[in-house]
Q: 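Handing you this structure, nothing more for now.
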2 protein chains.
Amino acid sequence: MSIKLDDKHKALIEKIGIAHEEKGLQPVAGRILGLLYVSPRPELTFDEIRETLNISKSATSTALNLLMHIGHIDYTTFSGNRKRYFRLKVGNWRDLIQGEIEKVIKMSHVLKEVLAVRGDETPTFNCSIEEFADFMQFMHKEFPVLLQRWEQTKNKE
Amino acid sequence: MSIKLDDKHKALIEKIGIAHEEKGLQPVAGRILGLLYVSPRPELTFDEIRETLNISKSATSTALNLLMHIGHIDYTTFSGNRKRYFRLKVGNWRDLIQGEIEKVIKMSHVLKEVLAVRGDETPTFNCSIEEFADFMQFMHKEFPVLLQRWEQTKNKE
DNA sequence: ATATTGGTTCTTAAATTTTAGAACTAAAAG
DNA sequence: CTTTTAGTTCTAAAATTTAAGAACCAATAT
């Protein structure tokens, strides 16, 4: 059974798909995320996804496993039903953003390595690199504080 | 004239290259960034880059133009010398990070579009999406404050 | 004017990624 | 135990990306 969607929904799926492609996901994986965002029912089976997006079983399987691997989706099951119901782990957005911040800290470590191999002949240049690295570490340290501050303004409303 | 580099430097170039590939750059462009980070002389000519990295003129030209286009590098010239001396715009890191933040705000707008097409049948799901979008906008708003706070702690030292 | 330097652009080859199709498997249903 | 369901895995075709090679061009030097 494929999910019926109007043109607005379909356009939005592509938009979300492309946004995720830009971050390095394969097109099919991006579209699956798009579908799971706009689908009226937020838990869809393998075949609903496959048929709605007109993709092969192999592409569906590979993309779903990738998305589970990187923590974007998971699935539930219901007893007496062998199907898996795939869904976005949106409640998980804090961890997803935290993951991005961890990439930033990695880059700052690489920059520190750069500083270690550079001579003292280029003080201004070195100083910019150090600033960049330091700010990344500052961001990493301050992120949990920022998140907490947001949670609080949220509660006040 | 190719730049002489030891194995430590070469390994670091590849590391920086791969880090940038992961963010969507082509390998050659990533390596050029790596070279410009570790090179003892921070301003290199077209041919120094080409020869040091063993890449073709076309690949060098295309990658340099791409890197200039996305604001990662620029070049100086010296009168009486037709060569361009390419260099990292590291002093520019504030703008580069700001650019990332702008991508975040775009995603939050897409999520707001998602909310606009979703019905009220999935309140918990919708609420997570809204939180995600709101936090992104909060981050965008707070980023300049964070940066300013960092500049101040910097001055105190 | 002619040659050389410092690149750019066009075409194409090679590598990589992405997806489809078909064969397969494990669990459950009949 | 045979069949169906729900997917997985393997192979390979198609699409895309990446980079090389060669021809080209504009500015300077001779």
Side-chain angles (χ1 to χ4, degrees), chain A residues 1-3 13-14 16-36 43-70 72-87, chain B residues 1-3 13-14 16-36 43-70 72-87:
Chain A
M1 270 327 126
S2 99
I3 305 293
I13 289 174
E14 295 305 311
I16 296 168
I18 288 172
H20 283 94
E21 271 183 68
E22 282 169 7
K23 293 183 178 173
L25 277 190
Q26 343 161 287
V28 166
R31 276 189 205 109
I32 290 177
L33 290 181
L35 172 57
L36 291 174
E43 296 181 347
L44 302 181
T45 67
F46 188 100
D47 270 317
E48 283 171 335
I49 293 168
R50 199 182 67 67
E51 288 174 33
T52 306
L53 297 178
N54 278 299
I55 51 182
S56 69
K57 288 175 87 176
S58 57
T60 309
S61 175
T62 308
L64 285 174
N65 285 321
L66 168 67
L67 290 172
M68 285 195 284
H69 197 75
I70 62 178
H72 266 83
I73 64 172
D74 63 1
Y75 62 84
T76 7
T77 47
F78 298 98
S79 67
N81 183 346
R82 213 136 55 88
K83 286 184 182 113
R84 285 137 95 180
Y85 288 80
F86 295 95
R87 61 188 182 193
Chain B
M1 270 324 126
S2 100
I3 305 292
I13 289 174
E14 294 306 310
I16 296 168
I18 288 171
H20 284 93
E21 272 183 68
E22 282 169 7
K23 293 184 177 172
L25 277 190
Q26 343 161 288
V28 166
R31 275 188 207 111
I32 291 177
L33 291 181
L35 172 57
L36 292 174
E43 297 181 345
L44 301 182
T45 67
F46 188 97
D47 270 317
E48 283 171 336
I49 293 167
R50 198 182 68 66
E51 287 175 33
T52 306
L53 297 177
N54 278 299
I55 52 182
S56 69
K57 288 174 88 177
S58 57
T60 309
S61 176
T62 307
L64 285 174
N65 285 320
L66 168 67
L67 290 172
M68 285 196 285
H69 198 73
I70 61 179
H72 265 84
I73 65 172
D74 63 2
Y75 62 85
T76 7
T77 47
F78 299 96
S79 69
N81 182 346
R82 219 143 44 92
K83 288 184 182 113
R84 285 136 97 183
Y85 287 80
F86 296 94
R87 59 186 182 195

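No hydrogens, no waters, no symmetry mates; every other heavy atom, side chains included, goes into these values. First the proteins, then the strands, lettered A, B, ... as listed; each starts at 1.
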Q: Give the minimum heavy-atom separation between Ile32(B) and Thr60(B), together with the two atoms involved.
A: CD1-O, 4.5 Å

Q: Suppose we screen for side chain to side chain donor-acceptor pair (under 3.5 Å). Which residues come up paired with Asp47(A), at least two apart in sequence or across chains?
A: Arg50(A)

Q: Tell me the interatomic distance from Asn54(B), atom CG, to dA20(D), atom C1', rounded to whole angstroms.
A: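 It works out to 13 Å between those atoms.
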
Q: For Tyr85(B), which residues count as a ring-ring contact (aromatic ring centres under 6.0 Å, His included) partner, sequence neighbours excluded?
A: Phe78(B)

Q: Report the residues that fulfil side-chain contact (heavy atoms from CB on, under 4.5 Å) with Gln26(B), sequence neighbours left out, ordered by chain and then residue number.
A: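 Once residues adjacent in sequence are excluded, the partners of Gln26(B) under the side-chain contact (heavy atoms from CB on, under 4.5 Å) criterion are Ala29(B), Ala63(B), Leu66(B).
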
Q: Let me know the distance between CD1 of Ile55(B) and P of dT8(C), rounded to the nearest Å.
A: 13 Å

Q: I'd like to know if the side chain of Glu48(B) and the backbone of Thr45(B) have a donor-acceptor N/O pair within less than 3.5 Å.
A: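 Yes, the answer is positive, given that a donor and an acceptor are paired below the 3.5 Å cut-off.
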
Q: Are any non-hydrogen side-chain atoms of Leu36(B) and Leu67(B) less than 4.5 angstrom apart?
A: no

Q: By side-chain contact (heavy atoms from CB on, under 4.5 Å), which residues pair with Ser58(A), not counting sequence neighbours?
A: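 For Ser58(A), the residues satisfying side-chain contact (heavy atoms from CB on, under 4.5 Å) (neighbours in sequence not counted) are Ser56(A).
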
Q: Side chains of Leu33(B) and Ile13(B): closer than 4.5 Å at any heavy-atom pair?
A: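 No - every pair of side-chain heavy atoms lies 4.5 Å or more apart.
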
Q: Residues in side-chain contact (heavy atoms from CB on, under 4.5 Å) with Thr52(B), at least two apart?
A: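 Result, side-chain contact (heavy atoms from CB on, under 4.5 Å) vs Thr52(B): Ser2(B), Ile3(B), Leu5(B), Leu35(B).
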
Q: Quick check on dA6(D): is either OP1 or OP2 less than 4.0 Å from any side-chain nitrogen or oxygen of Arg84(A)?
A: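 Checking Arg84(A) against dA6(D): no side-chain N or O falls below 4.0 Å of OP1 or OP2.
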
Q: May I have the distance from Arg50(B) (atom CZ) to dT5(C) (atom P), rounded to whole angstrom?
A: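 Interatomic distance, CZ of Arg50(B) to P of dT5(C): 13 Å.
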
Q: Is it true that a side-chain atom of His72(A) and a backbone atom of Met68(A) form a donor plus acceptor pair closer than 3.5 Å?
A: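 Checking the backbone N and O of Met68(A) against the side chain of His72(A), no donor-acceptor pair under 3.5 Å is found.
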
Q: Between residues 17-28 of chain A and DNA chain C, which residues have a heavy-atom gap below 4.0 Å?
A: Gln26(A), Pro27(A), Val28(A)

Q: At how many degrees, to 10°, do the end axes of the helix from dA1(C)-dT30(D) to dG30(C)-dC1(D) meet when each uses five pairs?
A: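 The helix from dA1(C)-dT30(D) to dG30(C)-dC1(D) shows an end-to-end axis angle of 0°.
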
Q: Grab the CZ-C1' distance between Arg31(A) and dA20(C) for me, whole Å please.
A: 14 Å

Q: Starting the side chain at C-beta, find the nucleotide from dT8(D), dA20(D), dG7(C) nearest to Phe46(A).
A: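 When the side chain of Phe46(A) is considered, dT8(D) is the closest of dT8(D), dA20(D), dG7(C).
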
Q: Expressed in angstrom and rounded to an integer, what is the separation of Leu53(B) atom CG from dT18(D) atom C1'?
A: 15 Å

Q: Going 5' to 3' along nucleotides 24-30 of chain D, which nucleotides have protein heavy atoms under 4.0 Å from the base (write B), which only from the sugar-phosphate (write S), and which from neither (write -)?
A: --BBS--

Q: Salt bridge (Lys or Arg N to Asp or Glu O under 4.0 Å): which pairs involve residues 19-35 of chain B, sequence neighbours left out?
A: Glu14(B)-Arg31(B)

Q: Apply side-chain contact (heavy atoms from CB on, under 4.5 Å) to Arg87(A) and list each qualifying residue two or more places apart in sequence or on a separate chain.
A: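 Only Glu43(A), Asp74(A), Thr76(A) meet the side-chain contact (heavy atoms from CB on, under 4.5 Å) criterion with Arg87(A).
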
Q: Do Phe86(B) and Leu44(B) have side chains that get closer than 4.5 Å, going by heavy atoms?
A: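 The answer is no, as the side chains (C-beta and beyond) never meet within the 4.5 Å cut-off.
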
Q: Take the protein atom NZ of Lys83(B) and the nucleotide atom P of dT8(C), then report the distance between them rounded to whole Å.
A: 15 Å

Q: Of Lys83(A), Lys57(A), Arg84(A), which meets side-chain contact (heavy atoms from CB on, under 4.5 Å) against Phe46(A)?
A: Lys57(A)

Q: Rounded to whole Å, please give me the gap between NE2 in His69(A) and P in dT8(D).
A: 14 Å

Q: For DNA chain D, which residues of residues 58-67 of chain A approach it to below 4.0 angstrom with any heavy atom?
A: Ser58(A), Ser61(A), Asn65(A)

